[in-house]
Amino acid sequence: MSAAVDEAGARVAEPPVHRASFGSLLRSEAHRFRSRRFIQLLLLLAVVGWVVATVIGLLNYGTPDDGDFADAQARIDEIVAEQQMYRDQCLEDPGIPEGTSPEEWCGPPATADDFGGPEAFLDKSPFDIGEAGTDGALGVAALAAALAVAMGATWIGAEWSTRTIVALLFWVPRRLQVMAAKLTVLIGAAALFGVLTQAAWLATAGIWEAVVGSTDPLPEDFWRTLLQTQARGVLLVVLAAVLAFGLTNVVRNTGAALGIAFVYTAIVENIVRALRPHWEPWLLTSNALGLVQDGGYTITFWADGPIGPDGQPPEYYLGPLQSGLYLGAVAVVLASIGAVLFAKRDLH
Amino acid sequence: MPAVQLTAVSKSYRRRGRPPQKALDDLDLLVESGGVHGFLGPNGSGKTTTIRVLLGLVSADAGGGEIRLLDQPVPSGLPDVIGSVGALVETPLFFPGFSGRLNLQLLAEAAGVSRSRVEECLELVDLTGRADDRFKGYSLGMKQRLGIAAALLKAPRLLILDEPSNGLDPAGIRDVRELIRRLGRDGHTTVLLSSHLLAEIQQVCDSVSILARGRCVASGPVGEVLASRGSGDVLVQIADPTAAAGVLQGAGFSVSPADGALMVHSVATPSDITRVLAGSGLYLEELRRVTPDLESAFLAITGDQPHDGPAAAGTPA
């Protein structure tokens, strides 16, 4: 080290003044994000999961031939005949109450359609992108949002556990700028992750449709509906990441933040649904469903009974816009609280 | 231009259910540009709080007090000068899963420092060979060296080092001290060295400030701080101490025996002793002014007492 010391003395003779810009800070944060082992592992597992899911789908979907349909028809005929036998026994039952006809008491004869038709009894049914495409996008968005929560929480949580965010202030003392850079990188990464997962779903659906898909025509407006659902799914992924980031930044601990998130979703929301059903429109998961699901989410207050003018229980409609604004507001509030506390507090 | 200037700065920490704890109490501190300035104080004296206040990590109490770093007010002017300030505060803070090189590269990218400078600093602290190892696998000394490398990345005009020798082996300590001395002499860098190793401060620093209970109780060149705590005692080695004691007492000196020698107390001018003894035909073998080392001065200044006997040591007059 001594030899190097001599060189150092010469090198620091004319020290340049270094100024951190927001752009350089963004580049540094993006570099750190993609260098994180958690992110690399997450992407690797996502790729492996995608391959496994695609293969499982290929093995479980299939194009049935005439023999498969004949087998399914035979099975459903057997079930219908069995149901008819039970009905016949019912019709001859002497215990049928007076004033009630045997047909009313035992119900109408069973048909194959009551059991979903022969298609429901096929061992392998074809994949129907027209039917499953939008629901699949919703499921992928939910899974990606859950992973985005882990992404957002660990992104800032690792900073607090190592206190490297304090060391960074020796380089960039503007605290809000530091927080903004971290949040910007997270939002960009979460959006990219959301787009990639939805693209992966499209690729999977495309492969299944091509190899083991049905020949039914796509419903009208299918692509518009699917792409809109996927876009809202990407938005949910971003909001989930920001929510987790904000919560973790407030409590300054990844484990605590993820614990709070788990308790909230697994316990608090279920308690609210059971004891205060009218509060459900304010729950995060209800709004997540309202945001992404095609047509929003309608909450039915069964406990209130049929009190509406049409004799139906009252309902509350959560549309994508309302749910998106609500989730966005919660995310902004949480992120802002964390940022303000970071800007104002003493750091040790 | 002072590198560091604090005037009447106070800082209190609120404590739940207890009265606030005053970490800094109207602290005045001045560190002139250039050289190595030592920063001493017992545990809890406010050294690290002072450094945190300087770096904007901790806010000083509102109302009164001025903090300037490289002539810029803190915290408002901090963004303008932080590019010229390198710091290692307490333990080095890095991502444990990243390599040493990647940790430095991330900091360099954030501040617009070139990658070649990263390699220079790794070489400087002798970590080039282990730069691709993960930080969490480093020994305490290697972590400390990486922290020093990070502090040097910006080739700072002001280098703030808080206990830089922590965890280093003797060779590492020697190299770090040599580096600090060299930086302090390069004409551009001011080093503020906080250390509990008094010998380190005495060896390396040109000037020193001593903190106690949040106040600066002594400050100035190391020699002056030591001299100000001198007792005026002079140690006299002579062939016939008994005779010499009699002569000196007869001339009005206060004298006591000291292991076969004589300790003459409160001497304003040591040459008077030479003159009096020579006038009586007694000739000196050795005459030393007794000055305290930094440890003694430090303990005296901060109000603590040495634990294991007198810590004074003689230096040749």
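Protein chains get the first letters and strands the later ones, always in sequence-line order, with residue 1 at the start of each. Values below: every heavy atom of this structure, side chains too, minus hydrogens, waters and symmetry copies.
- Contacts with chain B were tallied for Q177(A), H348(A), R174(A); H348(A) has the most, counting heavy-atom pairs under 4.5 Å.
- The shortest non-hydrogen separation linking A110(B) to S28(A) is N-CB, 3.6 Å.
- Here L107(B) is the residue among L107(B), V85(B), V81(B) with the most heavy-atom pairs under 4.5 Å with chain A.
- Counting heavy-atom neighbours within 6.0 Å of F38(A) CZ, excluding the residue itself, gives a total above 12.
- More than 12 non-hydrogen atoms from other residues, nucleotides or ligands lie less than 6.0 angstrom from CZ of R15(B).
- Using a 4.5 Å cut-off between heavy atoms, L102(B) contacts chain A through its side chain alone, with no backbone atom that close.
- A150(B) and W171(A) make their closest contact through O-CZ2, 3.3 Å (heavy atoms, listed as atom of the first residue, atom of the second, distance).
- Contact annotation for R175(A): only side-chain heavy atoms (C-beta onward) come within less than 4.5 Å of a heavy atom of chain B.
- A distance of 8.0 Å separates CG of N103(B) from OG1 of T164(A), quoted to the nearest 0.5 Å.
- Within the 4.5 angstrom heavy-atom criterion, atoms from both the backbone and the side chain of F95(B) approach chain A.
- No side-chain heavy atom of V58(B) sits less than 4.5 Å from a side-chain heavy atom of L347(A).
- Annotation: maximal heavy-atom pairing with chain A below 4.5 Å, among V89(B), T49(B), T48(B), occurs at V89(B).
- Within the 4.5 angstrom heavy-atom criterion, no atom of R181(B) approaches chain A.
- Closest non-hydrogen pair, F94(B) versus T162(A), comes out as O-CB, 3.9 Å.
- Partner of L106(B) under the side chain to side chain contact (heavy atoms under 4.5 Å, CB included) criterion, chosen from R27(A), R32(A), E29(A): R32(A).
- Separating the CD atom in E90(B) from the CZ atom in R163(A) is a distance of 6.5 Å, to the nearest 0.5 Å.
- The CD1 atom of I160(B) sits 8.5 Å away from the CZ atom of F170(A) when rounded to the nearest 0.5 Å.
- Using a 4.0 Å cut-off between charged side-chain N and carboxylate O, K11(B) and D346(A) make a salt bridge.
- Around atom CG of D132(B), more than 12 heavy atoms belonging to other residues, nucleotides or ligands sit under 6.0 Å away.
- Between L169(A) atom CG and L55(B) atom CG the span is 9.5 Å, to the nearest 0.5 Å.
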